[in-house]
Amino acid sequence: DLFMEEKIRVQELGNLYLLQEKEFEKEQVAQQANLFEVKSAQFQITSILLAGLGILLAFFSIVTFRNLSTQKKLSKKISNQNQVIKAQQIEIRHRTSNSLARIQTVINTIRRKASDSKTKSDLVQAGRILQTAASLERYLYDVEDELEVPLAEYLTGLLNHHREIFGLE
């Protein structure tokens, strides 16, 4: 009997040991399941954040492309308008120069018909002023910025031109 009781007790202890071992394994499986759930949730959050970042990047790219496209169109339009303005400026200078030359011709015609030497002298002076103004307009045809006209160079050229025209030394 004692042997049987001892045997039963040993079996109970063995069963208790096995039961504790199974409970320990069950706890480990539960911990691994919880860890897997946490990692899965982190993966989902990371995936959502990356998808959002991808959408933002795509949106930014589209907006940037549209802005660049718009800027290129506006830049081309401005460039075309600048060319038109430049052509109009040249045309205005040309017409002004021609008008000044016509006025100078009229003054020369009046000067030739004048009999008073003072009037002739004044008309010669007026003709020279008009010639200078016409020369300035012709000189400014190719000048990009009127504020940066090399005035010394222009005046030297103008003086030489007038010396040739009027036969001065």
Side-chain angles (χ1 to χ4, degrees), residues 30-169:
Q31 286 178 350
Q32 287 178 350
N34 285 340
L35 183 62
F36 179 74
E37 285 180 27
V38 169
K39 286 185 178 181
S40 177
Q42 286 177 342
F43 179 74
Q44 287 177 346
I45 290 172
T46 303
S47 297
I48 290 170
L49 288 175
L50 286 176
L53 184 62
I55 290 169
L56 286 174
L57 184 62
F59 178 73
F60 178 74
S61 297
I62 290 169
V63 168
T64 301
F65 178 75
R66 283 186 178 176
N67 283 344
L68 287 175
S69 182
T70 302
Q71 285 181 352
K72 283 182 182 178
K73 287 176 186 176
L74 290 175
S75 178
K76 187 173 183 178
K77 188 175 183 179
I78 289 170
S79 175
N80 289 340
Q81 289 175 346
N82 284 342
Q83 289 175 352
V84 168
I85 290 169
K86 177 78 172 158
Q88 289 173 341
Q89 286 175 336
I90 290 172
E91 180 63 22
I92 288 170
R93 285 197 173 109
H94 179 72
R95 287 181 183 204
T96 302
S97 176
N98 286 347
S99 296
L100 291 171
R102 286 184 189 134
I103 293 170
Q104 183 184 11
T105 302
V106 170
I107 287 176
N108 286 337
T109 303
I110 293 170
R111 179 184 51 89
R112 277 188 237 112
K113 292 180 181 179
S115 57
D116 182 21
S117 64
K118 169 84 170 114
T119 304
K120 283 185 177 186
S121 174
D122 289 345
L123 289 173
V124 166
Q125 186 65 25
R128 288 179 179 170
I129 291 171
L130 287 172
Q131 175 68 30
T132 302
S135 295
L136 177 61
E137 286 299 323
R138 280 192 296 278
Y139 179 79
L140 292 176
Y141 280 177
D142 297 324
V143 173
E144 290 286 326
D145 186 3
E146 294 173 5
L147 298 177
E148 297 189 20
V149 172
L151 193 57
E153 176 185 319
Y154 165 71
L155 291 176
T156 302
L158 184 63
L159 284 173
N160 291 337
H161 179 69
H162 280 242
R163 283 181 183 137
E164 288 175 18
I165 290 174
F166 301 115
L168 302 173
E169 292 284 328

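Only a predicted model underlies this, so the values are computations on that prediction, with no experimental measurement involved.
- Looking at heavy atoms from C-beta onward, Phe43 lies in side-chain contact with Ser47 at the 4.5 angstrom threshold.
- Once rounded to the nearest 0.5 Å, the distance linking CD1 of Ile107 with CD of Gln125 reads 11.0 Å.
- Nearest heavy atoms, Lys120 versus Arg111: CE-O, 3.4 Å.
- In this structure a side-chain-to-backbone donor-acceptor pair under 3.5 Å is present from Thr156 to Ala152.
- Atom NZ of Lys118 sits about 10.0 Å away from atom CG of Leu123, to the nearest 0.5 Å.
- In this structure, Ile85 CD1 and Ile92 CD1 are separated by 10.5 Å, a value rounded to the nearest 0.5 Å.
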Inset, instruction - Check the pair Leu100, Thr96 against side-chain contact (heavy atoms from CB on, under 4.5 Å), reporting the backbone distance first and the verdict last. - result: CA-CA 6 Å; Leu100 291 171; Thr96 302; 4.1 Å; yes
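- When atom types are taken as modelled, the side chain of Ser121 and the backbone of Ser117 share no donor-acceptor pair closer than 3.5 angstrom.
- For Ser40 (side chain) and Phe36 (main-chain N/O), no donor-acceptor pair under 3.5 Å exists by modelled atom type.
- To the nearest 0.5 Å, atom CG of residue Leu130 and atom CG of residue Asn108 are 9.0 Å apart.
- Separation of atoms CG (Leu74) and CD (Gln71) is listed at 8.0 Å; rounding is to 0.5 Å.
- Looking only at side-chain heavy atoms (C-beta outward), Asn34 and Val38 stay at 4.5 Å or farther from each other.
- The line from CG of Asn98 to CD1 of Ile103 is 11.0 Å long, rounded to the nearest 0.5 Å.
- A pairwise comparison of heavy atoms in Ala134 and Ser97 identifies O-OG, 3.7 Å as the closest pair.
- The shortest distance between side-chain heavy atoms of Leu53 and Leu49 does not fall below 4.5 Å.
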